[in-house]
Amino acid sequence: MITTHSEEETAAVGHDLASSLKAGDVVLLYGDLGAGKTALVRGLAEGLGVDRDEVSSPTFTLVQEYRGGRLTLFHVDLYRLDDPREIDDLGLDEIAEAGVLVIEWAEKVPDIARLKPSRYNSVRIQHGDGDERTIEITN
Ligand code: ADP
Ligand code: MG
């Protein structure tokens, strides 16, 4: 369990996590709106050598692809997903093979077990008081 006190500290946790990632790895992110999931993805991108400014919260696209790093990073944000059947159309299992797949709102994937490759990490971010967040990473 890690406690952070700023967006930067949370990004640094993502940065550290990046060094352990290999092609085909999946990172499942859980946490409320504003918990810091995207902040962590920014650090993760930077850790892979991707320009962190490319990372945003996509409004209309469910999948964003960032190239130029050690591994291609596929960033999925399911916040706006209403129909779980749409997930099938994304082809997440194939995406996962091509690089690192990170999923915000992973709880919206109905059949996560099917998607899980041999290596995945679950990251749970919880709000504390003010800017405090607790981050739990399991793999
Ligand atoms: P999410 O993707 O989980 O909805 P974001 O990363 O987009 O969350 O936003 C997190 C917000 O919380 C940002 O405005 C950030 O500045 C703020 N914040 C405050 N403290 C922290 C912290 N310890 N870690 C991450 N974000 C924090
Ligand atoms: Mg987000």
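Since the structure is predicted, the reported quantities are computational estimates derived from the model, not experimental observations. Counting starts at 1 for both ligands and their atoms, in listed order.
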Here the ring pair (Phe, Tyr, Trp, His ring centres under 6.0 Å) pairs for residues 83-111, sequence neighbours left out, are Y79-W105
Shortest non-hydrogen contact from Y66 toward S56: OH-N, 3.8 Å
To which protein heavy atom is atom 14 (O) of ligand 1 closest, and what is the distance rounded to 0.1 Å? E7 OE1, 4.4 Å
Which atoms form the tightest heavy-atom contact between R42 and V55, and what is the distance? NE-O, 3.4 Å
CG of L73 to CD of Q64: how many Å apart, nearest 0.5 Å? 10.0 Å
Surrounding CD of Q126 (heavy atoms of other residues, nucleotides or ligands, distance under 6.0 Å), is the total greater than 12? no
Only heavy atoms of A39, strictly under 4.0 Å: list the atoms of ligand 1 that pass. 6 (O)
Suppose we measure from atom 27 (C) of ligand 1 to each protein heavy atom; which comes out shortest, and what is that distance? R133 NH2, 3.6 Å
Could you check atom 4 (O) of ligand 1 against the protein and tell me its nearest heavy-atom contact, residue, atom and distance included? G34 N, 2.8 Å
Among protein heavy atoms, which sits nearest to atom 24 (N) of ligand 1, and what does the distance come to when rounded to 0.1 Å? T10 OG1, 2.6 Å
With 2.8 Å as the limit, jot down which protein N, O or S atoms are around the Mg ion (ligand 2). T38 OG1, E104 OE1
Give a yes or no on whether the backbone of D32 and the side-chain of K37 come within a donor-acceptor separation of less than 3.5 Å. yes
R119 and N139: side-chain contact (heavy atoms from CB on, under 4.5 Å), yes or no, with the steps? CA-CA 7 Å; R119 281 170 52 92; N139 47 22; over 6 Å; no
Could you identify the single nearest non-hydrogen protein atom to atom 23 (N) of ligand 1 and state the distance to 0.1 Å? D131 O, 2.7 Å
So do the side chains of E7 and T10 get within less than 4.5 Å of each other, counting heavy atoms only? no
Counting from 1 in the order shown, the ligand 1 atoms closer than 4.0 Å to a non-hydrogen atom of S6 are 21 (C), 22 (C), 23 (N), 24 (N)
For a 4.5 angstrom cut-off between non-hydrogen side-chain atoms, does R133 reach H127? yes
Testing the 3.5 Å rule here: is there a donor-acceptor pair between the side chains of E65 and T72? no
Are the side chains of L28 and V109 in touch, meaning some heavy atoms are under 4.5 Å apart? no
Heavy atom of the protein closest to atom 7 (O) of ligand 1 (residue, atom name, distance): T38 CB, 3.7 Å
Could you check atom 5 (P) of ligand 1 against the protein and tell me its nearest heavy-atom contact, residue, atom and distance included? G36 CA, 3.9 Å
Show me which atoms of ligand 1 lie under 4.0 Å from any heavy atom of D32. 3 (O)
Going by the atom numbers of ligand 1, which of them fall below 4.0 Å from some non-hydrogen atom of E104? 2 (O)
Specify side chain, backbone, both or neither for I125, according to which of its non-hydrogen atoms lie closer than 4.0 Å to ligand 1. neither
Is there a donor-acceptor pair closer than 3.5 Å between any side-chain N or O of D16 and the backbone N or O of V13? no
